[in-house]
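Given the structure is predicted, the values throughout are model-derived calculations rather than measurements. To find a chain, count down the sequence lines: A is the first, B the second, and so on, and within it residues start at 1.
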Amino acid sequence: MVFFRYAPLEIICWSIITCRKIYLMDLRSESSCARCPFKSKAAAVLSEEELYMLGKACVEVSVNRGDAFFRQGTPSGHVVYLKEGLARIHKKGPRNRDQILKIACSGTYLGIQTILGDVVNQYSASALTRAVACYIRVREFRWLIQKNGDFANELIDYICREELSHFNRLVSHWQKQLTGRLAETLLYFAEEIFRAREYPMLLTRQELASMVGGTRESVSRAMKEFVDSGIIGMNKKEIRILKPELIKKLANSG
DNA sequence: GCATTAACCACAG
DNA sequence: CTGTGGTTAATGC
């Protein structure tokens, strides 16, 4: 929007309204990825023609909080692009207990791991907020990867960063105790997801526990300790980081 | 031994 | 769904 910096207010308003109109039109007609304002970093390097093709291979849906994008154990024929909203990635373990593996932000792909390997989803993804998602057929998605090196490069970039952060999570899960893992997770929400000191806790205690790898009781107690020592503030579902330095120390030392 | 950590259970808002 | 209290098993000093 740099070129609007010196434009008169009318033009700015007009532009915003027009953009929104185009956007709404796109929602009704077939998905037009070319004009999508929420394009992924990878899709940004596609040509007009390729974007057209992507649009043809893609269906946009909006879902409510709690709805599943796809479920573990069911066949996967799509890659899901999370256009708006937040999602949780979770997987059932041997004891049939659901573990949250990570929170996915808007602008990321869900389920790219299954495009080359298994045709059955190895994990589930569901919406944490109201969300908009594009379901892209795997066949076309793969074709784009084969055809456009820049696109493939962006995706690999993304996958690598993800894997590194998984490594980090894994190690801290092994080496830190509950308090440290919880501190880390609360910080993760503040820094990575919401980029704010205050944010709504979208997970139930049960879910939060399944994310840090503990029981809801232990998480409850630890949260209470944080509040009592003034590290965080909590009213209802709102979390506020009061002492960032202290909680970072806890998160790092475990 | 004793302290700490965290799971499990039960019960009540 | 959440918080609390009691109990218990494992681990560390």
*Examine dT2(C): is either OP1 or OP2 under 4.0 Å from a nitrogen or oxygen in the side chain of Thr204(A)? Give yes or no.*
yes
*Choosing from dG3(C), dT4(C), dA6(B), which nucleotide comes nearest the side chain of Arg205(A)?*
dG3(C)
*Mind calculating the distance between CD (Glu217(A)) and P (dT8(C)) to the nearest angstrom?*
16 Å
*Starting from P on dG12(C), measure out to CD on Gln175(A) and report it in whole angstrom.*
14 Å
*At under 4.0 Å between heavy atoms, what does Lys237(A) touch on the DNA or RNA strands: base, sugar-phosphate, or nothing?*
sugar-phosphate
_Quick check on dT5(B): is either OP1 or OP2 less than 4.0 Å from any side-chain nitrogen or oxygen of Lys176(A)?_
no
_side-chain N/O Thr215(A) vs dA7(B) OP1/OP2, d < 4.0 Å_ = yes
*Answer yes if the side chains of Tyr109(A) and Ser40(A) hold a donor-acceptor pair under 3.5 Å, and no otherwise.*
yes
_Value in whole Å for how far the P atom of dG3(C) lies from CZ of Phe226(A)_ = 14 Å
*Remember a base hit wins even if backbone is also touched, and classify Gly180(A) as base, sugar-phosphate or nothing at under 4.0 Å, heavy atoms.*
nothing
*Would you mind telling me which of dC9(B), dT2(C), dG5(C) lies closest to the side-chain atoms of Arg221(A)?*
dG5(C)
_Distance, nearest 0.5 Å, that separates OG1 of Thr185(A) from CD1 of Ile193(A)_ = 10.5 Å
*Can you tell me the distance, in whole Å, between the CG atom of Leu202(A) and the P atom of dC1(C)?*
16 Å
_Non-hydrogen atoms of His173(A) and Gly213(A) that approach each other most closely_ = NE2-CA, 3.6 Å
*asked:* Please report the distance, rounded to the nearest Å, between CE in Met223(A) and C1' in dA6(B).
replied: 17 Å
*What is the distance, rounded to the nearest whole Å, between atom CD of Gln206(A) and atom P of dT2(C)?*
9 Å
_Centroid separation under 6.0 Å, is that true for the rings of Phe141(A) and Tyr135(A)?_
no
*In whole angstrom, what separates Leu250(A)'s CG from dT5(B)'s C1'?*
15 Å
*Rounded to whole angstrom units, what separation is found between the CZ atom of Arg216(A) and the P atom of dG3(C)?*
9 Å
*Charged N-O contact under 4.0 Å between Glu162(A) and Lys102(A)*: yes
*asked:* Let's see if you can work this out: which of dT2(C), dC8(B), dA6(B) has an atom nearest to the side-chain heavy atoms of Ser218(A)?
replied: dA6(B)
